[in-house]
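What follows is a short report on a single structure.
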Amino acid sequence: MFDKIAVFGTGAIGSSAAADLTDAGYDVTIVDQWPAHVEAMKKDGLRVQMPDVDLKLRVKALHVCELASAKPEFDLILLAVKSFDTRWMAELMAPHLKPDGVLVGLQNSMNEEEITTSILGRERVVGCCIELSGEIFTPGFVQRNTPRTGTWFAVGELDGSTTPRLEEIQEILSHVAKVDISTNIRGTKWTKLVVNSMSMGPWGLIGLHNREVAKLPGIFDIAVKLGRETVAVGTAMGINIEPVFGLSADDFAGDEDKVLLNALTTMTGHTGPRARTAPIHDHIKGRKNEIEYVNGLVSRKGKELGIPTPYNDAVSELARAINRNELKMDPSNYELLKSRLGIAD
């Protein structure tokens, strides 16, 4: 039984999950590294404004620095930090996860495979793929773009089995989203990575809302080529593409380009026109983006396998320049991207 639950990292996704589970009556502790956010939650609670619900509730929140003295132990930890914070956060929380406890990462990229299992062991990690759009700029307040009924998760044991603990995790997270069980969570997460490489990467260079990006001539052609490269790298790694976002196997059959566009438009349809991809939020906050763990991961794996990934390479290089403050996130980067790719107007 997962009686004691913690959410480590409460940006938009972590805060949304923590609020929903607290609202459902679970014993949830929030742990975060943003001091002002924790203080706001301690003083006034947490507010998550969804399209159909304005949720305001008291929560249990801890600063990261309070863990050592509080000495809590948890049955289930939901990890919702950026990919580049995964390793140190996993090390920090390891002493607070009970010996038979489980970690579930509510994250982009392939962090179970790359990071968390090396710290906690495969038997203590359950994979998760998420589709939840939200923004947080004000301590204690989240704008969640996808309602609970429009949010989708998939959970899966890393060995593909269906276990009682997996079914319990599905039940717990069903208060946050519609939750499917995946017998190929690696494939499910890579398929989400495909879609993220098509959207988070290029759109995160430009800095526009979804509705504005869609008007850029040729943007979907570039997105499809990014997706093709990511599929090719995954295939070379032995990963089978899986249906995501609640789509069926039939939706993922047929012409590859149509499948990629269908997945992309389904995701953007769920997140809504006012949504902006996560690297834009990070840039506004003065933080680095995690494109290195999306398009950058595709580029690195492609090099290892000898598979050319020029589109993912170009996006990754420009994202690194933004992280180094050598380039501003700006719509003009679309022309720069096209120039790097040799695309004429």
Side-chain angles (χ1 to χ4, degrees), residues 4-24 26-51 53-72 74 76-93 96-97 103-108 111 128 130 132-148 151 173 175-177 204 271 274-290 293 323:
K4 296 284 187 179
I5 300 173
V7 181
F8 276 63
T10 48
I13 291 172
S15 290
S16 295
D20 283 346
L21 296 183
T22 300
D23 188 45
Y26 290 97
D27 184 346
V28 179
T29 299
I30 289 170
V31 182
D32 199 76
Q33 57 182 314
W34 183 13
H37 185 41
V38 175
E39 285 302 309
M41 289 188 289
K42 285 185 174 188
K43 180 182 177 184
D44 300 317
L46 176 61
R47 179 183 178 190
V48 180
Q49 190 175 68
M50 296 174 252
V53 176
D54 194 352
L55 186 63
K56 304 173 187 176
L57 69 171
R58 306 299 302 181
V59 293
K60 293 193 295 184
L62 292 174
H63 293 283
V64 165
C65 62
E66 293 179 302
L67 275 173
S69 56
K71 296 184 286 188
F74 303 106
L76 176 65
I77 293 179
L78 306 177
L79 181 61
V81 296
K82 296 292 183 181
S83 292
F84 47 72
D85 283 329
T86 300
R87 184 171 296 281
W88 75 264
M89 186 63 85
E91 293 281 10
L92 177 74
M93 72 189 183
H96 302 285
L97 183 64
L103 168 75
V104 178
L106 308 183
Q107 300 177 284
N108 292 310
N111 296 323
C128 184
I130 64 168
L132 190 161
S133 171
E135 303 184 9
I136 179 169
F137 298 103
T138 302
F141 173 73
V142 175
Q143 173 190 298
R144 178 170 168 179
N145 300 319
T146 46
R148 292 166 176 165
T151 303
L173 292 178
H175 297 281
V176 184
T271 57
R274 68 177 179 172
R276 294 175 289 189
T277 190
I280 299 174
H281 310 168
D282 297 327
H283 188 71
I284 293 170
K285 297 172 185 175
R287 302 174 181 175
K288 67 179 182 179
N289 62 65
E290 61 178 343
Y293 290 81
N323 279 341

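Residue numbers start at 1 and run along the sequence shown.
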Determine the minimum heavy-atom distance between Ala12 and Ile136, stating which atoms define it.
N-CG2, 3.5 Å

Looking at side-chain heavy atoms only, is the closest gap between Asp20 and Leu55 below 4.5 Å?
yes

Say whether, by atom type as modelled, one donor and one acceptor occur between the side chain of Asn323 and the main chain of Asn289 under 3.5 angstrom.
yes

Checking the side chain of His37 only, and the main-chain atoms of Asp32 only, is there a donor and an acceptor separated by less than 3.5 Å?
no

Hey, does the side chain of His281 reach the backbone of Arg276 with a donor-acceptor pair shorter than 3.5 angstrom?
yes

With a 3.5 Å distance limit and no angle check, can you tell me whether Arg58 reaches the backbone of Lys42 through a side-chain donor-acceptor pair?
yes

Straight-line distance of Thr138 OG1 to Gln143 CD, nearest 0.5 Å:
10.0 Å

Any non-hydrogen side-chain atom of Glu290 less than 4.5 Å from a side-chain atom of Val81?
no

To the nearest 0.5 Å, tell me how far Cys128 SG sits from Leu103 CG.
10.0 Å

Distance flag, aromatic centroids of Tyr26 and His175, threshold under 6.0 Å
yes

What's the shortest heavy-atom distance between Ile284 and Phe137, and which atoms?
CG2-CE2, 3.7 Å

Intermediate values then yes/no, side chain to side chain contact (heavy atoms under 4.5 Å, CB included), Leu78 and Leu173
CA-CA 10 Å; Leu78 306 177; Leu173 292 178; 4.1 Å; yes

Could you check if a side-chain atom of Asp282 sits within less than 4.5 angstrom of a side-chain atom of Lys82, using non-hydrogen atoms only?
yes

Could you pull out all residues at least two apart from Asp44 that satisfy salt bridge (Lys or Arg N to Asp or Glu O under 4.0 Å)?
none

Measuring only between side-chain heavy atoms, which start at C-beta, is Phe84 closer than 4.5 Å to Arg287?
no

Are the side chains of Ile30 and Thr22 in touch, meaning some heavy atoms are under 4.5 Å apart?
no

Ser133 backbone acceptor or donor facing Thr146 side chain under 3.5 Å:
yes

Residue pair Pro51 / Asn145, side-chain heavy-atom distance below 4.5 Å:
no

Of all heavy-atom pairs between Val48 and Ala19, which one has the smallest distance, and what is that distance?
CG2-CB, 3.7 Å

Glu91: salt bridge (Lys or Arg N to Asp or Glu O under 4.0 Å) partners, not counting sequence neighbours:
none

Give me the atom names and distance for the closest heavy-atom approach of Pro279 to Gly204.
CB-CA, 4.0 Å

Would you say the side chain of Val176 lies within less than 4.5 Å of the side chain of Leu132, judging by non-hydrogen atoms?
yes

Measuring only between side-chain heavy atoms, which start at C-beta, is Asp23 closer than 4.5 Å to Arg148?
yes

Smallest separation among heavy atoms of Ser69 and Glu66, with atom names
OG-O, 3.2 Å

Testing the basics here: between Ser83 and Asn111, what is the closest heavy-atom pair and its distance to 0.1 Å?
OG-ND2, 3.1 Å

How many angstroms lie between OG in Ser16 and CE in Met50, if you round to the nearest 0.5 Å?
7.0 Å

Side chain to side chain contact (heavy atoms under 4.5 Å, CB included), that's the test. Do Val38 and Leu62 meet it? Break it down for me.
CA-CA 7 Å; Val38 175; Leu62 292 174; 5.8 Å; no

The complete set of salt bridge (charged side-chain N to carboxylate O under 4.0 Å, His left out) pairs with one or both residues in residues 4-16, sequence neighbours excluded, reads Lys4-Asp27

